[in-house]
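The structure appears below as structure tokens.
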Amino acid sequence: MTSVQENLKKTLLSLPEDVTLVAVSKYNPASAIEEAYALGQRVFGESHVQELQQKKDILPNDIEWHFIGHLQTNKVKYIAPYISLIHAVDSVKLLQEINKQAAKNERIIRCLLQIHVAQEDTKFGFTCDNCREFLNSGIVEELNYLEIAGLMCMASNTDDEGQVREEFHNAHVFFEELKTTYFENCEYFKECSWGMTHDYLLAVEEGGTMVRIGSKIFGDRMY
Ligand SMILES: *Cc1c(COP(=O)(O)O)cnc(C)c1O
């Protein structure tokens, strides 16, 4: 077994069976993905469109590619034909573009709304209020080629476990609010994408259904 395979096996053993592991392969070569694939992993996460396109072309067709990074509107068209889930959707404009490109490709694209829960300042993510505003606006009813499959968030990058836990907890409370208020009868609104290498165990305890793990599996990234 290669070290990637050993790390993957350990990671899977540390996760409840109903949690989806997104193996974050950004900056790692296609050969590393093949090693994980050989052990049965099918869900991989990438955060750069060009890198994803190159890997997708040479790797097996049954890989489920997730886009986990910040996605620029003008790049949606490249991944729309095949992307399985877009995690970090953070604006109405981006949702509308994904819907347009999904329609062109005659497919439904699943998306997660990125919400801003961390104390840190980042430019990305809906606040809870923006998110409610969007869901009240009626725009969502026009997005016939989208499935809003849940929420995504990133906790603050801190050693303070209490804070990280609280941020994931708040995200989960908000998920439950949206579920009962707007998505009561939508089976597909069910995913909470939170947790990375350093905080995924807390994330799973606080409602995470999908974890995005890179360095624990593939080792430190070479940028
Ligand atoms: C890179 C990345 C990850 C994985 O990070 P690790 O710390 O290597 O597990 C998860 N989520 C997002 C959005 C990322 O960009």
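Sequence positions, counted from 1, serve as the residue numbers for this chain.
- For N74, the CG atom sits in a packed shell: over 12 heavy atoms of surrounding residues, nucleotides or ligands are nearer than 6.0 Å.
- Evaluation of the salt bridge (charged side-chain N to carboxylate O under 4.0 Å, His left out) rule for R42 yields D62 as partners, not counting sequence neighbours.
- Put simply, the side chain of L71 reaches to within 4.5 Å of the side chain of I79, judged on heavy atoms.
- A single hydrophobic cluster is seen to contain both I58 and I83, as judged by linkage of ILVMFWY side chains at heavy-atom distances under 4.5 Å, directly or through other members.
- For the atom pair M1 CE and N7 CG, the distance stands at 11.0 Å (nearest 0.5 Å).
- Shown here are the side chain to side chain donor-acceptor pair (under 3.5 Å) partners of Y145, two or more places apart in sequence or in another chain: there are none.
- More than 12 heavy-atom neighbours from other residues, nucleotides or ligands sit within 6.0 angstrom of CG on D57.
- One N or O on the side chain of D160 and one on the backbone of G162 form a donor-acceptor pair closer than 3.5 Å.
- Identified under the salt bridge (Lys or Arg N to Asp or Glu O under 4.0 Å) test for residues 170-193, with sequence neighbours left out: R132-E177.
- Here the closest non-hydrogen pair linking W194 and A203 is O-CB, 3.1 Å.
- Between C192 and L151 the shortest side-chain heavy-atom distance does not fall below 4.5 Å.
- Between V19 and M210, the closest side-chain pair of non-hydrogen atoms is not below 4.5 Å.
- Rounding to the nearest 0.5 angstrom, the gap separating the CG atom in L94 from the SG atom in C111 is 7.5 Å.
- A donor-acceptor contact under 3.5 angstrom links the side chains of S14 and Y200, judged on distance only.
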L113/L95 under side chain to side chain contact (heavy atoms under 4.5 Å, CB included): CA gap, chis, key distance, verdict: CA-CA 9 Å; L113 303 178; L95 281 165; 4.0 Å; yes
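- Under the ring pair (Phe, Tyr, Trp, His ring centres under 6.0 Å) criterion, F189 pairs with F175, F183, not counting sequence neighbours.
- Between H87 and H66, the ring-plane angle classifies as tilted under the 30° and 60° cut-offs.
- Inter-residue side-chain proximity for I68 and E46 is flagged as unmet; no heavy-atom pair is nearer than 4.5 Å.
- Note on L59 and F67: same hydrophobic cluster, where clusters join Ile, Leu, Val, Met, Phe, Trp and Tyr whose side-chain heavy atoms are under 4.5 Å apart, directly or indirectly.
- Summarising the geometry, atom CG belonging to N144 is positioned 8.0 Å from atom CD1 belonging to I108; distances are rounded to the nearest 0.5 Å.
- Separation of atoms CG (L39) and CD1 (I217) is listed at 10.5 Å; rounding is to 0.5 Å.
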task: Report the C-alpha separation of L202 and E161 in whole Å, then their side-chain angles, then the decisive distance to 0.1 Å, and conclude whether the side chain to side chain contact (heavy atoms under 4.5 Å, CB included) test is met.
output: CA-CA 8 Å; L202 286 175; E161 280 198 8; 4.1 Å; yes
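- Hydrophobic clustering, with ILVMFWY side chains joined whenever heavy atoms are under 4.5 angstrom apart, groups V76 together with L52.
- V49 and I33 fall within the same hydrophobic cluster, where Ile, Leu, Val, Met, Phe, Trp and Tyr residues are linked whenever their side-chain heavy atoms come under 4.5 Å apart, directly or through other members.
- Across all their heavy atoms, S156 and V164 have their closest contact at O-CG2, 3.8 Å.
- D199 contributes a side-chain N or O that, together with a main-chain N or O of M196, makes up a donor-acceptor pair within less than 3.5 Å.
- When all heavy atoms of P16 and V204 are compared, the closest pair comes out as CG-CG1, 3.6 Å.
- Side-chain atoms of I139 and Q96, non-hydrogen and from C-beta on, do get closer than 4.5 Å to each other.
- Separation of atoms CG (L8) and CG (L21) is listed at 6.5 Å; rounding is to 0.5 Å.
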task: Apply side chain to side chain contact (heavy atoms under 4.5 Å, CB included) to the pair I109 and I86, showing each step before the final yes or no.
output: CA-CA 8 Å; I109 297 183; I86 301 177; 4.0 Å; yes
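- Between R212 and M154 the shortest side-chain heavy-atom distance falls below 4.5 Å.
- When all heavy atoms are compared, the tightest approach of L85 to A149 is CD1-CB, 4.4 Å.
- F134 and F126 have parallel rings, their planes meeting at less than 30° on a 0 to 90° scale where 60° marks the start of perpendicular.
- Scanning all heavy atoms of the two residues, the minimum distance from Q41 to L12 falls at OE1-CD2, 4.4 Å.
- Listed by chain and residue number, nothing satisfies the ring pair (Phe, Tyr, Trp, His ring centres under 6.0 Å) test with H198 (two or more places apart in sequence, or in another chain).
- With V211 as the partner, the side chain to side chain contact (heavy atoms under 4.5 Å, CB included) test is satisfied by one option alone out of L15, T197, V22: L15.
- Side-chain atoms of S25 and F44, non-hydrogen and from C-beta on, do get closer than 4.5 Å to each other.
- A salt bridge links E51 with K55: the closest approach of a Lys/Arg side-chain nitrogen to an acidic carboxylate oxygen falls below 4.0 angstrom.
- Side chain of R110 to main chain of Y188: no donor-acceptor pair is present (N/O by atom type, distance under 3.5 Å, no hydrogens or angles).
- Summarising the geometry, atom OH belonging to Y82 is positioned 13.5 Å from atom CD belonging to E64; distances are rounded to the nearest 0.5 Å.
- Residue F168 comes nearest to C153 through the heavy atom pair CD2-SG, 3.9 Å, listed as atom of the first residue, atom of the second, then distance.
- Between E206 and R165 there is a salt bridge, since a side-chain N of the basic residue sits under 4.0 Å from a carboxylate O of the acidic one.
- By the rule that hydrophobic residues join a cluster once side-chain heavy atoms approach within less than 4.5 Å of another member, L201 and V117 end up as members of one cluster.
- For H169, there are no ring pair (Phe, Tyr, Trp, His ring centres under 6.0 Å) partners two or more places apart in sequence or in a different chain.
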query: Could you go step by step and tell me if N136 and Y182 meet the side-chain hydrogen bond (donor to acceptor under 3.5 Å, both in side chains) rule?
result: CA-CA 9 Å; N136 283 327; Y182 304 100; 3.0 Å; yes
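- With a 4.5 Å cut-off on side-chain heavy atoms, L135 and L178 count as touching.
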